[in-house]
**Q** 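Let me give you the structure first, and then I'll get to my questions.
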Amino acid sequence: MIKIYNTLSRQLEEFKTIEPGVVRWYNCGPTVNGLMHLGHARSAVAFDIIRRYLEYREYKVRYIMNFTDIEDRMIEVATNEKRSVLEVAEEYLRGFRRDMRALNLKEATIHPRAMLHINHMIEFIQKLEEKGFAYENNGDVYFDVRKFKEYGKLSNQKLDNILQEGTEDAKNPNKRFVADFALWKKKKPGEPYWPSPWGEGRVGWAIECSTMSMEYLGDTLDIHSGGQDLIFPHHENEIAQSETLTGKPFAKYWMHNGYININKEKMSKSLGNFTNVVDLLKHYSADAVRIFIAQTHYRSPIDFTEDIIDQAQNTANKLFEIFLLIKCFSKKEDTDSSLVESDNEMLKTVEQSRVAFVEAMNEDFNTSNAFAVIFNLTKEANDYIRKSDEVKLEVVQAIDMFFDELRSVFGIFEDIDEDDSTKTIGTLVELLIELRQEFRKDKNWTMSDKIRDNLKEAGITLEDTPKRILWKLTEQK
RNA sequence: GCGGAGAUAGCAAAACCUGGCCAUGCUGCGGUCUGCAAAACCGCCGAUCGGAGUUCAAAUCUCCGUCUCCGCUCCA
């Protein structure tokens with residue numbers, strides 16, 4: 001049984017989809033007005049792993065992640081850079097797609113763009129108006145939050161406490177009530193606009209997500225997710241509009257990931273401490289970044305420092321080595337001899353690890369504990385390869401199969417394999433190892449060390465273990 | 001002011017809902033193995049913010065306090 005923490009109820013709930021075996025999931029995507037930064041990455045990777053886990057548990061996941069390409073901040077950037085909103089959108093959309101691929105994020109089922117759904121949004125607003133929950137004033141259209149009795153249920157706020165007088169938005173004379181939010185905004189000079197029943201203008205932010213999610217997933221979603229900062233007002237507003245329109249719950253489970261701080265400070269433009277994914281990937285592998293994110297539970301805050309990402313890179317390198325070692329052994333010839341006790345114990349450990357892994361992930365996707373399981377298993381696997389009298393194919397293949405599962409859930413080292421050039425090198429290296437063993441038998445340390453040292457210089461590290469000699473290509477990063 | 005999250009070893013982090021010898025990773029120290037080295041494995045060091053309460057038993061529940069972060073304005 002999978003348990004999910006639901007922001008709406010503020011507790012763990014059993015995960016039950018509306019349609020058995022199918023997950024309808026809308027993840028609030030980014031506004032494409034800049035480069036993908038660490039905050040986007042945290043959210044995207046955390047939910048990517050959860051999605052992959054649900055797929056691992058054989059759910060069919062319909063995963064929608066939007067790109068917001070028309071919004072206040074888009075216009076702001078376009079104005080500053082003296083370009084059209086469309087140009088800005090195109091550029092950063094490409095950037096996001098590139099960085100998302102680099103981070104090995106699975107492609108969403110659909111990545112809808114707001115600008116292509118304006119007509120549906122207008123229809124949505126019209127229906128709200130017909131129902132009497134929206135009102136037009138001077139070319140703007142607002143949602144009348146006081147009519148939606150449950151407003152504030154997601155963010156756990158009372159209407160009286162929402163929006164203090166004195167904020168800029170509260171002074172807007174077109175609104176009847178301070179907390180009312182814009183569904184449609186009258187065009188301003190120089191801004192992109194669309195025709196509508198209320199005159200020329202553009203859509204409000206929250207209506208974009210409501211419209212697109214319902215268009216692709218129906219009236220009620222299983223999961224709606226995003227960063228914690230979206231709880232209010234964005235998701236609160238989505239609930240108000242959507243539930244007013246359909247009279248049904250908008251989403252069963254609301255999931256929100258924790259923030260990333262940089263050296264104990266919020267990542268923000270004014271502090272100039274944005275860490276962009278492109279820059280990060282210049283120094284660290286995507287696997288390290290994903291491990292860095294997955295080692296903390298998705299709801300906990302992360303304080304990003306260089307030290308921590310270095311540690312994650314270190315962990316990534318170690319995992320890579322044992323993964324590759326097992327992968328290589330899983331492709332060797334079978335030995336024909338029957339399993340001994342230590343083999344059976346290893347097989348048992350793999351099975352127990354799988355159970356423990358599933359248990360950890362079932363508990364609101366406890367990736368920290370899942371990693372603890374992985375580390376414990378890699379210890380055993382390392383021992384098995386180095387200390388068994390004979391490495392049995394059946395055993396390494398069982399380990400490798402589970403490692404494959406882990407790699408695909410966490411989205412790390414998915415392309416791990418020997419390529420052809422490695423195989424050729426392997427044949428040569430094994431020849432040299434044999435030669436070196438001859439020298440070692442004769443206690444000719446000068447020659448044996450020379451082989452080892454020269455190989456090391458060539459980027460190949462030898463490892464003398466009790467039972468056999470292992471070799472590996474020296475890490476690049 | 002209102003709402004939320006949090007404080008666990010040198011660093012990171014889990015367990016907290018559902019009370020029962022504080023997982024796990026990195027670092028440091030020692031050991032095993034080895035001709036040596038490296039690796040790997042084993043062991044050790046070391047922590048529940050402070051105070052009170054409930055309890056046979058508290059990191060976990062309750063209360064008080066201190067501190068940090070976030071939201072209430074565009075944010076993942």
Side-chain angles (χ1 to χ4, degrees), chain A residues 3 5 7 10-12 27-31 33-34 36-47 68 71-74 76 152 155-158 160-164 166-170 179 205 225-234 236 256-261 264-269 291-292 295-297 299-303 305 307-315 318-319 321-322 325 356 360 363-364 366-376 378-387 440 443-445 448-449 452-453 456 461-467 470-472:
Chain A
K3 286 191 200 161
Y5 180 87
T7 307
R10 284 174 289 281
Q11 57 191 6
L12 288 180
N27 183 37
C28 262
T31 299
N33 67 337
M36 185 175 191
H37 59 63
L38 198 52
H40 297 120
R42 205 254 165 121
S43 183
V45 170
F47 290 125
T68 298
E71 211 258 313
D72 290 14
R73 288 165 300 145
M74 291 298 302
E76 201 182 302
S155 54
N156 196 27
Q157 299 182 84
K158 295 197 174 68
D160 304 343
N161 297 329
I162 294 171
L163 289 184
Q164 301 296 300
T167 64
E168 200 172 324
D169 211 35
W205 178 38
S225 58
Q228 260 164 12
D229 51 326
L230 294 180
I231 296 173
F232 190 89
H234 189 55
E236 196 72 72
H256 294 97
N257 65 274
Y259 245 79
I260 285 199
N261 295 323
K264 300 222 159 118
E265 280 179 322
K266 186 186 169 177
M267 189 162 55
S268 74
K269 275 192 178 141
I291 288 168
F292 155 71
Q295 274 189 309
T296 305
H297 188 259
R299 284 191 282 115
S300 302
I302 297 182
D303 186 35
T305 62
D307 195 41
I308 301 170
I309 187 81
D310 282 340
Q311 287 182 13
Q313 183 67 62
N314 203 337
T315 303
K318 286 193 170 193
L319 283 177
E321 282 183 18
I322 179 63
L325 200 57
E363 199 69 17
D364 196 31
N366 194 327
T367 47
S368 307
N369 279 339
F371 267 99
V373 174
I374 296 175
F375 291 130
N376 283 327
T378 56
K379 270 186 212 170
E380 304 279 337
N382 267 319
D383 243 9
Y384 182 78
I385 289 288
R386 288 172 177 80
K387 292 185 183 160
R440 291 181 76 201
K443 299 200 192 300
N444 186 343
W445 311 125
S448 72
D449 284 355
R452 186 171 67 193
D453 293 346
K456 178 123 195 175
T461 309
L462 294 191
E463 185 185 329
D464 298 338
T465 75
K467 301 288 180 188
L470 304 175
W471 67 275
K472 67 182 179 204

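Lettering of chains follows the sequences in order, A, B, ..., and the numbering in each one begins at 1.
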**Q** Among B/rA38, B/rA5, B/rG35, find the nucleotide with the atom closest to the side chain of A/Pro301.
**A**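 Given the options B/rA38, B/rA5, B/rG35, the side chain of A/Pro301 is closest to B/rA5.
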**Q** About how many Å separate CD of A/Gln228 and OG1 of A/Thr7, when rounded to the nearest 0.5 Å?
**A**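 If I round to the nearest 0.5 Å, the distance is 7.5 Å.
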**Q** Could you measure the distance from the CG atom of A/Leu325 to the CH2 atom of A/Trp471? Nearest 0.5 Å is fine.
**A**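 It is 10.5 Å, given to the nearest 0.5 Å.
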**Q** Grab the CZ-C1' distance between A/Arg299 and B/rA15 for me, whole Å please.
**A**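 Interatomic distance, CZ of A/Arg299 to C1' of B/rA15: 13 Å.
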**Q** Reading RNA chain B from 5' onward, which residue's closest nucleotide shows up sooner: A/Ile302 or A/Gln228?
**A**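 Nearest nucleotide further toward 5': that of A/Ile302.
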**Q** Under 3.5 Å, which protein N or O atoms sit close to an N or O of nucleotides 41-44 of chain B? Give each pair with its distance.
**A**
unit_1	atom_1	unit_2	atom_2	d
B/rC41	OP1	A/Asn382	ND2	3.3
B/rC41	O4'	A/Asp383	OD1	3.4

**Q** For a quick check, tell me whether the side chain of A/Lys443 and the base of B/rU34 share a donor-acceptor pair closer than 3.5 Å.
**A**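 No, the side chain and the base share no sub-3.5 Å donor-acceptor pair.
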**Q** Among B/rA14, B/rA38, B/rA76, which nucleotide has an atom closest to any side-chain atom of A/Asn257?
**A**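 Of all the options, the side chain of A/Asn257 is nearest to B/rA76.
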**Q** Between B/rA76, B/rC74, B/rA23, which one does the side chain of A/Arg73 approach most closely?
**A**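 Selected nucleotide: B/rC74.
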**Q** Could you check which of B/rG25, B/rC11, B/rG35 has an atom nearest any side-chain atom of A/Arg440?
**A**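 Side chain of A/Arg440 sits closest to B/rG35.
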**Q** Applying side chain to side chain contact (heavy atoms under 4.5 Å, CB included), run through A/Glu321 and A/Leu470 and close with a yes or a no.
**A** CA-CA 11 Å; A/Glu321 282 183 18; A/Leu470 304 175; over 6 Å; no
**Q** Between B/rU34 and B/rA38, how far apart are the two P atoms, rounded to whole Å?
**A**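 Their P atoms lie roughly 15 Å apart.
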**Q** Is A/Trp445 stacked on the base of B/rG35, meaning ring centres closer than 5.5 Å and planes within 30 degrees of each other?
**A**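 Per 5.5 Å and 30° rule: yes, stacked.
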**Q** Look at the side-chain N and O atoms of A/Ser300 and state whether any lies under 4.0 Å from the OP1 or OP2 oxygen of B/rA14.
**A**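 Affirmative; the distance criterion is met.
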**Q** Who are the side-chain contact (heavy atoms from CB on, under 4.5 Å) partners of A/Asn369, not counting sequence neighbours?
**A**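 A/Asn369 satisfies side-chain contact (heavy atoms from CB on, under 4.5 Å) with A/Ala360, A/Asn366 once adjacent residues are dropped.
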**Q** Which one is paired to B/rC74, where only Watson-Crick or G-U wobble pairs with both distances under 3.5 angstrom count?
**A**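 The base-pairing partner of B/rC74, which may sit in any strand shown, does not exist here.
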**Q** Find the distance between CZ (A/Arg42) and NE2 (A/His37) and round it off to the nearest 0.5 Å.
**A**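 Reported to 0.5 Å precision, the distance equals 13.5 Å.
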**Q** What integer number of Å spans the C1' atoms of B/rC44 and B/rU54?
**A**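 The answer is 37 Å between these two C1' atoms.
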**Q** With rounding to the nearest 0.5 angstrom, report the CD1 to CD1 distance, A/Ile302 to A/Ile309.
**A**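 Interatomic distance, A/Ile302 CD1 to A/Ile309 CD1, rounded to 0.5 Å: 9.5 Å.
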**Q** Counting only Watson-Crick pairs (N1-N3 plus N6-O4 or O6-N4) and G-U wobbles (N1-O2, O6-N3), all under 3.5 Å, who is the partner of B/rU32?
**A**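 B/rA40 is the nucleotide pairing with B/rU32.
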**Q** On a plain distance test, is the side chain of A/Arg452 in donor-acceptor contact with the base of B/rA38 below 3.5 Å?
**A**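 In this structure, the two groups form no donor-acceptor pair.
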**Q** Are the side chains of A/Gln311 and A/Gln295 in touch, meaning some heavy atoms are under 4.5 Å apart?
**A**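 A/Gln311 does not reach A/Gln295 side chain to side chain.
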**Q** C1' atom, B/rC56 versus B/rG51: distance in rounded Å?
**A**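 Per the computed distance, 23 Å lies between those C1' atoms.
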**Q** For A/Glu71 and B/rA76, what is the distance between atoms CD and P respectively, to the nearest whole Å?
**A**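 After rounding, the gap between these two atoms is 9 Å.
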**Q** Taking the P atom in each of B/rC41 and B/rG46, what is the distance between them to the nearest angstrom?
**A**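 Roughly 23 Å separates the two P atoms.
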**Q** Would you compute the distance between atom CG of A/Asn376 and atom CZ of A/Phe371 and round it to the nearest 0.5 angstrom?
**A**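 Nearest 0.5 Å value for the CG-CZ distance: 13.0 Å.
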**Q** Now, which nucleotide makes the Watson-Crick or G-U wobble pair with B/rA47, with each of the two distances under 3.5 Å?
**A**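 Pair assignment: B/rA47 / none.
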**Q** If I take atom NE2 in residue A/His297 and atom P in nucleotide B/rG6, what distance separates them, rounded to the nearest angstrom?
**A**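 Result: 11 Å.
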**Q** Specify the separation, in whole Å, of atom CD1 of A/Ile260 and atom C1' of B/rA12.
**A**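 Value for this atom pair: 14 Å.
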**Q** Report the residues that fulfil side-chain contact (heavy atoms from CB on, under 4.5 Å) with A/Asp453, sequence neighbours left out, ordered by chain and then residue number.
**A**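 For A/Asp453, the residues satisfying side-chain contact (heavy atoms from CB on, under 4.5 Å) (neighbours in sequence not counted) are A/Asp449.
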**Q** Side chain of A/Asn376 only, heavy atoms from C-beta on: which candidate in B/rA14, B/rA76, B/rU24 is closest?
**A**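 Nearest to the side chain of A/Asn376 among the choices is B/rU24.
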**Q** What's the OH-P distance between A/Tyr259 and B/rC70, to the nearest Å?
**A**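 Interatomic distance, OH of A/Tyr259 to P of B/rC70: 9 Å.
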**Q** Take atom NZ of A/Lys472 and atom C1' of B/rA38, then tell me their distance rounded to the nearest Å.
**A**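 It is 8 Å, rounded to the nearest whole Å.
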**Q** Roughly how far apart, to the nearest Å, are B/rC11 and B/rU55 at atom P?
**A**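 After rounding to an integer number of Å, I get 36 Å for this pair.
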**Q** Suppose we define a pair by two distances each less than 3.5 Å, Watson-Crick or G-U wobble; what does B/rU60 pair with here?
**A**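 When the pairing criteria are applied, nothing turns out to pair with B/rU60, so the answer is none.
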**Q** Is there a side chain to side chain contact (heavy atoms under 4.5 Å, CB included) between A/Thr31 and A/Met74? Walk through the geometry before answering.
**A** CA-CA 7 Å; A/Thr31 299; A/Met74 291 298 302; 3.7 Å; yes
**Q** Any donor-acceptor pair, under 3.5 Å, between the side chain of A/Asp449 and the base of B/rG35, if you only look at N and O atoms?
**A**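 By the distance-only test, yes, there is a pair.
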**Q** If you check every side-chain atom of A/Ile308, which of B/rA12, B/rC26, B/rU24 has the closest atom?
**A**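 So the side chain of A/Ile308 is nearest to B/rA12.
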**Q** Measure from CG on A/Asp464 to C1' on B/rC33 and round the result to the nearest Å.
**A**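 Result: 11 Å.
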**Q** Determine which nucleotide pairs with B/rC22, using a 3.5 Å limit on both distances of a Watson-Crick or G-U wobble pair.
**A**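 Pair assignment: B/rC22 / none.
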**Q** Does the base of B/rG25 carry an N or O that pairs as donor and acceptor with the side chain of A/Gln311 under 3.5 Å?
**A**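 It does, because a donor-acceptor pair links the side chain of A/Gln311 to the base of B/rG25 below 3.5 Å.
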**Q** Searching all strands shown, indicate the nucleotide that pairs with B/rU54 (Watson-Crick or G-U wobble; both distances under 3.5 Å).
**A**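 With both distances under 3.5 Å required, B/rU54 matches none.
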**Q** B/rA15 and B/rG20: how far apart are their P atoms, nearest whole angstrom?
**A**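 Rounded to whole Å, the distance is 13 Å.
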**Q** State whether a side-chain donor-acceptor pair under 3.5 Å links A/Asn444 with A/Arg440.
**A**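 No - no donor-acceptor pair under 3.5 Å links their side chains.
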**Q** Suppose you measure atom C1' in B/rC29 against the same atom in B/rG10; what distance do you get, rounded to whole Å?
**A**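 To the nearest whole Å, 14 Å.
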**Q** Can you find a side chain N or O atom of A/Lys3 that sits less than 4.0 Å from OP1 or OP2 on B/rC17?
**A**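 Result: no.
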**Q** Output the rounded distance in Å from CZ (A/Phe292) to P (B/rC26).
**A**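 One finds 17 Å between P of B/rC26 and CZ of A/Phe292, rounded.
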**Q** Under a 3.5 Å cut-off for both distances, is B/rU66 Watson-Crick or wobble paired, and to whom?
**A**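 Looking at the geometry, B/rU66 pairs with B/rA7.
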**Q** Distance check, C1' atoms only: B/rC70 and B/rA52, in whole angstrom units.
**A**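 These two C1' atoms come out 30 Å apart once rounded.
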**Q** Within the structure shown, what part of the strands sits under 4.0 Å from A/Thr465 by heavy-atom distance: base, sugar-phosphate, or nothing?
**A**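 It contacts nothing in the nucleic acid.
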**Q** Assign each of A/Phe47 and A/Val373 to its nearest nucleotide of RNA chain B by heavy atoms, then name whichever residue's nucleotide is nearer the 5' end.
**A**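 It is A/Val373, whose closest nucleotide lies nearer the 5' terminus.
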